[in-house]
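Notes to accompany the following structure.
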Amino acid sequence: MRKKLAITISISAGFTAIVGAIFFLPLLTASASNDSYAHYDIAYQSGDNWVGFGTEVFSTFPKNVTFTLPAGAIIDGSSTIRISKIGGGLGFADYLAVDGQAAKTGDKLADKKLKSADLDVTGIPADKPLVATFSNLTNGKVSFKANIEAKTVIGMPFALDGTRKLSSFTPTGNYTIGASNGTVINDGIAHNYPLTKTYAQFKTHSISGHPDGTAYIWVFNDDKNVYFVADWTSDNTFDKGSDFFRVHLDDGTGVKNIAEHSDIRKGENGQAIFAYTDNAVYQHMYYTIPVPLSQLKSDSLKIGFELYGTASAGPVLCGPFSGGAPV
């Protein structure tokens, strides 16, 4: 159950509006294929050396593999293994265990994520292999669930409450200032919003290897801003600037396109964080965009949204497109 809290805010209301703008879609494709050489190299530690003993090819779509550690990899019931990502785009691991024993990486959050296959993934950067130690081993049977995103991802954002063409987005939703009153608590915990009812919920079916999920959208206002909040459970990977929530808003003077990206442009028009919320057991993207009421010319708004996180609706390159199914 979502807790109802008193509502206050101190999020910066930075606002970059592009009125009637033509902007290019991110050429990001939810690829069913990947670089043919994208793989993980696996090695075990022997003294000061690493001994390679396996290579496993992975694609955008997560898969489970099992293999057995070679003779010499286990000493006194313990073993340390290293998993290195080679090729492809970003790599993510959902589960890693040996003989059912949990991985110990020295990172508490990574250990939590690797403990079970629950979509709560941890990244494996190309320059930072996953190194894990295991104890109480007997047979050395390794279970590993992971994926490697395509190096070049091309695809469409999910269009919610609106229709997208190549160079424009037509919002079809409605909001009237004063219809839902509230403010945001900026305490670093994304889901601490005292929101009673979502503006809308959309089912999102991703073809990019991300889980099917739901985009929970809230719209409300106080006496300074109208707030757009998105809790998106399909985007369980943090993609360092590629992810975004975009609000399309028409106050009668033309459509304004207001976006908040993850990481690289942090705080451009609000807040984007990778968080646990009441809506999923795994970390996923959560966005808040405040728009100053002083910059709006009407209380009656047409609104629509787009979400992208390398979780995408597919490479649709022409014609009207709507990517989210209302719940």
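Computed from a predicted structure; not experimentally measured. Along the sequence shown, the residues carry numbers beginning at 1.
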Trace of the side-chain hydrogen bond (donor to acceptor under 3.5 Å, both in side chains) decision for D41 with H39: CA-CA 7 Å; D41 280 346; H39 62 276; 3.2 Å; yes
side-chain contact (heavy atoms from CB on, under 4.5 Å) assessment of F61 paired with N147: CA-CA 6 Å; F61 299 95; N147 72 310; over 6 Å; no
side-chain hydrogen bond (donor to acceptor under 3.5 Å, both in side chains) assessment of S234 paired with S206: CA-CA 7 Å; S234 280; S206 175; over 6 Å; no
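- To the nearest 0.5 angstrom, D299 atom CG is 8.0 Å from T176 atom OG1.
- Ring pair Y40/F144 is perpendicular by interplanar angle, where above 60° counts as perpendicular and below 30° as parallel.
- One finds the CD atom of Q283 at 10.5 Å from the OG1 atom of T277 (value rounded to the nearest 0.5 Å).
- For the pair I177/L301, a side-chain contact is recorded, criterion being any heavy-atom separation below 4.5 Å from C-beta on.
- A ring-ring contact (aromatic ring centres under 6.0 Å, His included) with F158 is found for exactly one of F202, Y308, W232, F305, namely W232.
- Two different hydrophobic clusters hold V121 and I124 under the rule that ILVMFWY side chains link at heavy-atom gaps under 4.5 Å.
- Here the side chains of F134 and I74 are not in contact, with every heavy-atom distance at 4.5 Å or above.
- Note that CG of N225 and OG of S294 are 8.0 Å apart. Values are rounded to the nearest 0.5 Å.
- In this structure, D251 contributes its side chain and T253 its backbone to a donor-acceptor pair below 3.5 Å.
- The side-chain heavy atoms of I83 and L96, taken from C-beta on, include a pair separated by under 4.5 Å.
- By the rule that hydrophobic residues join a cluster once side-chain heavy atoms approach within less than 4.5 Å of another member, F67 and I148 end up as members of one cluster.
- We find the CG-NZ distance between D99 and K141 to be 9.0 Å, quoted to the nearest 0.5 Å.
- Partner of D120 under the salt bridge (Lys or Arg N to Asp or Glu O under 4.0 Å) criterion, out of K112, K115, K145: K112 alone.
- Ring geometry for H284 versus Y282: interplanar angle over 60°, hence perpendicular rather than tilted (30 to 60°).
- Using a 4.5 Å heavy-atom cutoff, the side chains of Y199 and V229 are not in contact.
- Rounding to the nearest 0.5 angstrom, the gap separating the CG atom in D76 from the CG atom in N136 is 12.0 Å.
- A distance-only check finds no donor-acceptor pair linking the side chain of D94 to the backbone of A146 [under 3.5 Å].
- Proximity of a side-chain donor or acceptor of K108 to a complementary backbone N or O of A110 within less than 3.5 Å is not detected.
- I86 and F92 fall into different hydrophobic clusters, defined by Ile, Leu, Val, Met, Phe, Trp and Tyr side-chain heavy atoms under 4.5 Å apart, directly or through other members.
- For the pairing with Y227, the side chain to side chain contact (heavy atoms under 4.5 Å, CB included) check across V219, V291, D222, I289 returns one residue only, D222.
- The hydrophobic cluster containing V65 also contains V142, counting ILVMFWY residues as joined when their side-chain heavy atoms lie under 4.5 angstrom apart, directly or transitively.
- Counting all heavy atoms, side chain and backbone alike, V226 lies closest to N221 at CA-CB, 3.8 Å.
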Intermediate values then yes/no, side-chain contact (heavy atoms from CB on, under 4.5 Å), Y286 and N279: CA-CA 11 Å; Y286 195 107; N279 292 317; over 6 Å; no
Stepwise side-chain hydrogen bond (donor to acceptor under 3.5 Å, both in side chains) check, D107 with T105: CA-CA 5 Å; D107 182 323; T105 65; 5.4 Å; no
From CA spacing to verdict: side-chain contact (heavy atoms from CB on, under 4.5 Å), S79, L69: CA-CA 9 Å; S79 183; L69 294 174; 3.8 Å; yes
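- With sequence neighbours excluded, no residue forms a side chain to side chain donor-acceptor pair (under 3.5 Å) with T170.
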side-chain contact (heavy atoms from CB on, under 4.5 Å) between M285 and L307, worked out: CA-CA 10 Å; M285 289 306 301; L307 281 165; over 6 Å; no
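- The shortest distance between side-chain heavy atoms of D212 and K203 does not fall below 4.5 Å.
- With a 6.0 Å cutoff to the six-membered ring centre and a 45° limit on the axis angle, K63 counts as a cation-pi contact of F58.
- Residues I75 and Y44 fail the side-chain proximity criterion, which asks for heavy atoms closer than 4.5 Å.
- Aromatic ring centres of Y175 and F228: separated by at least 6.0 Å.
- Residues V51 and I42 share a single hydrophobic cluster, defined by chaining ILVMFWY side chains whose heavy atoms lie under 4.5 Å apart.
- Put simply, the side chain of T80 reaches to within 4.5 Å of the side chain of W50, judged on heavy atoms.
- Looking only at side-chain heavy atoms (C-beta outward), Y95 and S143 come within less than 4.5 Å of each other.
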